[in-house]
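Computation of the quantities below employed the complete heavy-atom set of this structure, encompassing side-chain atoms and omitting hydrogens, waters and symmetry-equivalent molecules. Proteins get letters first, then strands, A, B, ... in listed order; numbering begins at 1 in each.
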Protein chains: 2
Amino acid sequence: MSPHEHITAFGTINGELSVGGMPLSRLAARVGSTPFFAYDRGLLDARIALLRSLLPSRIELSYAMKANPMPAVVQHLAPLVDRIDVASAGEMQHALDTVIRPDRVSFAGPGKTPAEIRQAVAAGIIVEVESTTELRRVIAAGDELGLAPHVAVRVNPDFAVKGSGMRMGGGPQQFGIDAEQVPAVLAEFARDIDVLGFHVFAGSQNLNADIIAEAQTRTVDLVSDLADHLPSPLRYLNLGGGFGIPYTDRDRPLDLAPVAENLGRLVDGPIAERFPEASPVIELGRFIVAECGVYVTRVVDRKVSRGRTFVVVDGGMHHQLAASGNFGQAIRRNYPLAVGTRATDAGDEEMSVVGCLCTPLDLLGDGVSLPVDAGIDDLIVIFQQGAYGLTASPTAFLGHPAPAEVLV
Amino acid sequence: MSPHEHITAFGTINGELSVGGMPLSRLAARVGSTPFFAYDRGLLDARIALLRSLLPSRIELSYAMKANPMPAVVQHLAPLVDRIDVASAGEMQHALDTVIRPDRVSFAGPGKTPAEIRQAVAAGIIVEVESTTELRRVIAAGDELGLAPHVAVRVNPDFAVKGSGMRMGGGPQQFGIDAEQVPAVLAEFARDIDVLGFHVFAGSQNLNADIIAEAQTRTVDLVSDLADHLPSPLRYLNLGGGFGIPYTDRDRPLDLAPVAENLGRLVDGPIAERFPEASPVIELGRFIVAECGVYVTRVVDRKVSRGRTFVVVDGGMHHQLAASGNFGQAIRRNYPLAVGTRATDAGDEEMSVVGCLCTPLDLLGDGVSLPVDAGIDDLIVIFQQGAYGLTASPTAFLGHPAPAEVLV
């Protein structure tokens, strides 16, 4: 997707990018400092509405808050989704502050400490265990607290999903219990704990609908086999998510329709037949929030060095690790960016946008086309920053102030 | 360098790694939580002593605190070095809290805001300007505050240094003013401000002594030419640093002796002749602190998935971005690590050490040899973590608590 398409999605007012209905320079004045992250409430609502309109009504939507744990965002999304997934006891506290019931909060991730598991059992959330060690800890915490823990087994599937930004299932993994070990594990612990069901997640940031649909079909097949080993009917079926979003101009947006159609067939067919007591869950983080947020940073210098024009901003990779190409990317490609204060001007001058850190890694736009004479005091906007922006960046690096974060 | 060599550098007590003279399990008990960073006071002292013993006495040593801005570390180093270099107004405040005089604090980095420059001029530190815009801001701040600013020009050299981990000079750069533009800039601003001298920094994390020495020689040549354009004698000559440290077993330590010898020739020759009023400065961050620090994390799970053994720790890439291979590295290689609670046991079992984050990026040791049955409650130590560890990592990622940091 091009920067122009992103500008269109947010809209413009008097030639400036509009965020939450406010022209960018006014929003910057309201925030009072740059750089900052801004998330658009209306775009969040539209994103949820899009998912609800396409996905079968029996599908429950879980928000994986690791993508954007800003409390205001989580509070805004809570009444719009069915569940929240957390990745730590810290995230759990914020999820419990919302209207979502504890038994609709799930906690996944390897390396849960005994203390975290005790907190989760006390809260009454669903612990998705990644190993038999964790299962034992859940049982021990339940015994100690006199509670019946809610528990599901995260399964490392016996298939791999191609085309994911990050593969998280198939082969040897730190995630989940290998599918072939699950029957023996269920048998071993059957008398100690009531396992609600399974979570299977094969990979994240996938832009290929066919591959996502195939993974979901295979997940339902796998869970059908595993459910035979549960002493009670399956009540929890987390199909994962992994819906990707386009970051660079080479990426095409995910086509949701075929994914939704396949889910419809699964819901009406094998899921209805085999699991009448389970509502299948799709767990999405990035797909819900990423496109609804921008990072805004002010130009503080403009200089020409040996024929190349550099625009230096007051933000940088300490807030934009992924956009700088340093968060798991093999090859750095520009994230979409624009001069938000001149959003309707054509990009006719090539320049590089660099951050304020004293390292060549701090590159935000390499040879991008921006409006002629873009320079000091202009506001640069980086798109697709609603997910894995602030929290996935080394904010303390070089001792600059933390950026503000606003929901507009 | 091998993990064994790092264990030897710290020493052992009763089979455990010793940090600051304390066995690791006792230190963990003292800290009260894992994960944590620990920096060894004695190793810091030894590192400074090594540099002082080899470098010519006329060379001044500046600590680039961006490498490790922990206040206790900066306070410990301040009486041992001649200067401190800061990268932000935030770092400046900590430097000013030490015994170092303000006029021995330097502030480099692109994108300094007008507010930061005003703070620096008010403090009386040396502002190393990266552009004519910054020079104008320094002059304006001096006028406004009624102060004569201390200013030096950062020069983007007309040569490039090969073999640096990160190249920061030569070609088009956001850093400094291009060497060929410097005479005109000095002429333009000669009546407005007294420029003390120059800072030339060609690249960081270099392990090749010949290349560092050549860069220093060429820097002195370049500054000799540029100094003709100063209205007063040169009083500030920052030769940069860039001394690297070995991170992986492929890296050989930098041989300091030839670098020091070359500096001796420069100090006794061209520098003594041309710049009798300037003390040449070598600015080092990583080289001083990196080898003096470790990251300590507790094993919370051990599992076998499809033939591979995983050890899951309570820390991870949120504190160890570089060790996970996600901080500018093209290819991920293991950083040196060991089981600190079994530091004298041989490594006879292959396993992968992964962090507690729910992402496959969170890999700390890929197929490393550790003592047989290393597992739950063992303390894993990652070496070379005294620099660019905590502050260069996305600590808020997934909502885990911040790690402790101790100077022992």
Among [options], residue most engaged with chain A (heavy-atom pairs, under 4.5 Å):
options	value
B/P394, B/G399, B/G111	B/P394
B/M317, B/H94, B/H400, B/Q93	B/H400
B/T395, B/V313, B/L357	B/L357
B/G325, B/G316, B/P157	B/P157
B/Q181, B/R298, B/E180, B/K112	B/E180

Taking side chain as everything from C-beta outward and backbone as N, CA, C, O, which of these in [X] sits under 4.5 Å from a heavy atom of chain B? Side chain, backbone, both or neither.
X	value
A/D158	both
A/V86	neither
A/A322	neither
A/L398	both
A/Q329	neither
A/R154	side chain
A/P69	neither

**Study point:** Gap separating the OG atom of B/S324 from the CZ atom of A/F327, nearest 0.5 angstrom
**Key:** 8.0 Å
Among [options], single out the residue with the greatest number of heavy-atom pairs under 4.5 Å to chain B.
options	answer
A/S131, A/S88, A/P114, A/P172	A/P172
A/T133, A/D178, A/D301	A/D178
A/I331, A/V312, A/V299, A/V300	A/V300
A/M65, A/M92, A/E91	A/E91
A/K303, A/E116, A/R137, A/K66	A/K303
A/P401, A/G90, A/G109, A/A87	A/A87

Does any heavy atom of chain A fall under 4.5 Å from the side chain of [X], the backbone, both, or neither of them?
X	value
B/A179	both
B/A89	neither
B/Y388	side chain

Point to revise | A/D314 and B/T113: side chain donor to acceptor below 3.5 Å | key: no
Check your understanding: Only one of A/L390, A/L321, A/T391 forms a side chain to side chain contact (heavy atoms under 4.5 Å, CB included) with B/F397, so which one is it?
Key -> A/T391
Practice item. Verify, without hydrogens or angle tests, whether A/S305 (side chain) and B/Q174 (backbone) share a donor-acceptor contact under 3.5 angstrom. Key: no
